[in-house]
Amino acid sequence: MTKNLTDHVVIITGASAGIGQGAALAIAARGAGVIATYHSHPEGADEVVSTVKANGGRAVALPLDIGRTETFPAFREQVSTALADEFDTASIRGLVNNAGFGGGFAFDEMTEEAFDRYYRVLLRGPYFLTQTLLPLLSDGGSIVNVSSSSVRPGDTTVGYSGYAAMKAGLTTATRYLAKELAVRGIRVTSIAPGPTRTRLGGDAFEKYPEVIDELAAKTVLGRIGEPADIGAVIAFLLSEDAAWITGEEIQVSGGYAL
Ligand SMILES: NC(=O)c1ccc[n+]([C@@H]2O[C@H](COP(=O)([O-])OP(=O)(O)OC[C@H]3O[C@@H](n4cnc5c(N)ncnc54)[C@H](OP(=O)(O)O)[C@@H]3O)[C@@H](O)[C@H]2O)c1
């Protein structure tokens with residue numbers, strides 16, 4: 001793999017588990033320093049930091065609740081301090097808006113409170129975190145938003161209307177930001193993972209392993225995804241190898257529900 005993110009720093013939200021962890025490790029493998037955010041599992045982010053450091057890279061962990069936009073200015077200050085103290089730079093090259101949660105509600109059971117939580121964490125949070133961190137993002141940098149295959153017509157699972165509506169909003173905002181930020185050479189893309197073995201949905205894969213075979217049967221490559229499968233594509237999109245890709249959503253699902 002080309003180490004073409006060397007001397008750059010990338011922030012990955014929700015890097016204490018699953019896809020975010022996979023992304024942080026793949027980004028570090030391309031030579032970047034990583035800022036790994038966590039919410040309720042600092043130990044997951046610490047694991048990323050120690051693995052990256054053991055491989056000769058640079059990494060720090062910072063707390064962030066993506067649902068609380070009022071904390072974002074203070075988070076930016078923490079990022080600036082970490083950049084100066086740990087990475088000897090003032091800017092980031094990339095932002096991965098990954099933090100999120102899953103699970104569904106039948107339409108007639110959806111409450112406004114639950115709907116607002118999807119909105120705050122899956123759409124409002126990444127949107128305004130991007131705005132908050134934009135002054136730190138270097139020209140020519142890159143943003144990757146983690147959407148979901150549930151946005152596609154072929155993957156319409158009953159109970160996911162709230163979740164998928166927010167992910168669809170993120171996918172659409174991606175295209176608009178790609179146009180608006182292109183003036184600074186900033187590329188904005190999104191990825192749509194299919195079913196991936198993470199803790200999503202309250203550890204659903206751990207609790208209900210029988211669904212894994214069902215999902216694998218609907219996936220043309222015959223298995224569910226692993227965090228490393230998704231992380232590799234995120235790292236690619238951030239890198240110069242993807243310098244001619246912007247505004248796109250890339251399905252990363254092994255052909256789920258094709
Ligand atoms: N797994 C799939 O099948 C799948 C498919 C399509 C899309 N996705 C998307 O992929 C992204 C990552 O999910 P995952 O599957 O890797 O799940 P995961 O293993 O549960 O990891 C979720 C990550 O997001 C963080 N997080 C959750 N709520 C947060 C909040 N309010 N503020 C800040 N961070 C928060 C968690 O931090 P703590 O653990 O520290 O609390 C954790 O690091 C999500 O956006 C999800 O919608 C997943």
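For ligands, and for the atoms within them, numbers begin at 1 and follow the listed sequence.
No side-chain N or O of Ser190 forms a donor-acceptor pair with one of Ser147 less than 3.5 Å apart. Between the side chains of Asn97 and Thr130, at least one donor N or O sits under 3.5 Å from an acceptor N or O.
For Glu210, the CD atom sits in a packed shell: over 12 heavy atoms of surrounding residues, nucleotides or ligands are nearer than 6.0 Å. The 12-atom threshold is exceeded at CG of Asp116, counting heavy atoms of other residues, nucleotides or ligands nearer than 6.0 Å.
Counting heavy atoms only, Tyr163 comes closest to atom 47 (O) of ligand 1 of the residues Phe101, Phe205, Tyr163. By heavy-atom distance, the residue among Val146, Leu200, Asn98 lying nearest atom 45 (O) of ligand 1 is Asn98. Heavy-atom proximity to atom 27 (C) of ligand 1, evaluated over Gly100, Ala99, Gly14, Ala23, is greatest for Gly100.
Atom 43 (O) of ligand 1 has Ser16 OG, 2.7 Å as its closest protein atom, hydrogens excluded (heavy atom only). For atom 19 (O) of ligand 1, the closest non-hydrogen atom of the protein is Arg199 N, 3.0 Å. Protein heavy atom at the shortest distance from atom 16 (O) of ligand 1 is Ile19 N, 2.8 Å. What sits closest to atom 14 (P) of ligand 1 on the protein, heavy atoms only, is Thr198 OG1, 3.4 Å.
Contact annotation: for Pro195 versus ligand 1, heavy atoms closer than 4.0 Å belong to the backbone alone. With a 4.0 Å cut-off on non-hydrogen atoms, Lys167 touches ligand 1 through its side chain and not its backbone. Contacts with ligand 1 closer than 4.0 Å are made by backbone heavy atoms (N, CA, C, O) of Ser147 only, the side chain lying farther away. When non-hydrogen atoms are compared, ligand 1 lies under 4.0 Å from the backbone of Leu64 (N, CA, C, O) but not from its side chain.
Checked against a 3.5 angstrom limit, the closest N/O atoms of Thr196 and ligand 1 fall inside it. By the 3.5 Å distance cut-off applied to N or O atoms, Thr37 is not counted among the residues near ligand 1. For ligand 1, the polar-atom distance check against Tyr38 finds no nitrogen or oxygen pair separated by under 3.5 Å.
Within the structure, ligand 1 lacks Gly22 among the residues with a heavy atom less than 4.0 angstrom away.
By the side chain to side chain contact (heavy atoms under 4.5 Å, CB included) test, Ser40 is found to be paired with no residue, residues two or more places apart in sequence or in another chain being considered.
Proximity to Gly194 (heavy-atom distance under 4.0 Å) selects the following atoms of ligand 1: 3 (O), 5 (C).
The pair Arg223-Asp229 meets the salt-bridge criterion, with a side-chain N (NZ, NE, NH1 or NH2) lying under 4.0 Å from an Asp/Glu carboxylate O.
Classified by interplanar angle (parallel below 30°, tilted 30° to 60°, perpendicular above 60°), the ring pair Tyr118/Phe101 is parallel.
With contacts defined as side-chain heavy-atom distances shorter than 4.5 Å, the pair Leu170/Pro126 qualifies.
For the pair Glu240 (side chain) and Leu5 (backbone), a donor-acceptor distance under 3.5 Å is absent.
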